[in-house]
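Side chains included, hydrogens not; waters and symmetry mates left out as well; all remaining heavy atoms used.
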Amino acid sequence: MTGVPESPLASWRHRVVEGTAPTMLLLHGTGGDENSLVDLAHELAPTSRLLGVAGRSTEEGVRRYFRRFNALEYDQEHLASEADALASFVLAAGKEYGWGEDPVVALGYSN
């Protein structure tokens, strides 16, 4: 252990498709991944930069962005924590990939 905190980029599986601002943050539904919305995003904004991000939680073997206790009850503490972590990831990606503080537009869906 080096004592150096892990970069937020290392903890999120993601895909970058270069383009121009704004950056489109692609958020898949249950069972999707960082590639799920790339084709749709290209249709909606053909020149935009794309940042597809895979959820870090799993349920029954499929990816999600947060845990739930059952179909109607979400783990609110985990949801808030993952939202903060995702926001940190997006800021770190902007620095790492040279987008700085360009606008970010989220595109996603929920099952």
* In one Ile/Leu/Val/Met/Phe/Trp/Tyr side-chain cluster, 4.5 Å: V17, L51 -> no

* Lys NZ or Arg CZ of R64 over F66 ring: under 6.0 Å, within 45° -> yes

* Asked: Is L86 reachable from V104 through a run of I, L, V, M, F, W or Y residues, each pair having side-chain heavy atoms under 4.5 Å apart?
  -> yes

* **Approximate separation, where rounding is to 0.5 Å, of E18 CD and T23 OG1** => 8.5 Å

* To do: Check E73, H78, E59 against R68 for a side-chain hydrogen bond (donor to acceptor under 3.5 Å, both in side chains) and give me the one that passes.
  => E59

* Asked: Under the side-chain contact (heavy atoms from CB on, under 4.5 Å) criterion, do L25 and V53 qualify, and how do the steps go?
  -> CA-CA 7 Å; L25 174 63; V53 184; 3.6 Å; yes

* Same cluster for W99 and L9 if Ile/Leu/Val/Met/Phe/Trp/Tyr side chains link at under 4.5 Å? -> yes

* Where does the angle between the aromatic ring planes of W12 and F89 fall among parallel (under 30°), tilted (30 to 60°) and perpendicular (over 60°)? -> tilted

* Are L27 and L79 grouped together when hydrophobic residues (ILVMFWY) are joined by side-chain heavy atoms under 4.5 angstrom apart? -> yes

* To do: Scan residues 96-111 for pairs that pass salt bridge (charged side-chain N to carboxylate O under 4.0 Å, His left out), counting only residues two or more places apart or in two chains.
  => R49-D102

* **Point-to-point distance, once rounded to the nearest 0.5 Å, from CZ of R63 to OH of Y65** => 9.5 Å

* To do: List the atom of L72, the atom of N70, and the distance in Å for their closest heavy-atom pair.
  => N-OD1, 2.8 Å

* Asked: With a 4.5 Å limit on heavy-atom distance, are the side chains of S88 and L91 in contact?
  -> no

* Are M24 and V38 connected in the hydrophobic side-chain network, where two residues link if heavy atoms are under 4.5 Å apart? -> yes

* Distance from L26 atom CG to L40 atom CG, nearest 0.5 Å? -> 8.5 Å

* Out of curiosity, L107 CG to S36 OG, how far, rounded to the nearest 0.5 Å? -> 11.0 Å

* Answer yes or no: is there a donor N or O on one side and an acceptor on the other, between the side chain of Y109 and the main chain of L37, under 3.5 Å? => no

* Under 3.5 Å, is there a donor-acceptor pair between the side chain of H28 and the main chain of G55? -> yes

* To do: Check whether any side-chain N or O of R13 sits under 3.5 Å from a backbone N or O of A54 as a donor-acceptor pair, and report yes or no.
  => no

* Asked: Do the side-chain N and O atoms of S11 and R56 include a donor-acceptor pair separated by under 3.5 angstrom?
  -> yes

* Mind running side-chain contact (heavy atoms from CB on, under 4.5 Å) on V16 and L50 for me, showing each step along the way? => CA-CA 6 Å; V16 174; L50 308 179; over 6 Å; no

* Asked: Roughly how far, to the nearest 0.5 Å, is CD of E82 from CD of E77?
  -> 12.0 Å

* **Separation between CD of E60 and OG1 of T30, rounded to the nearest 0.5 Å** => 10.0 Å

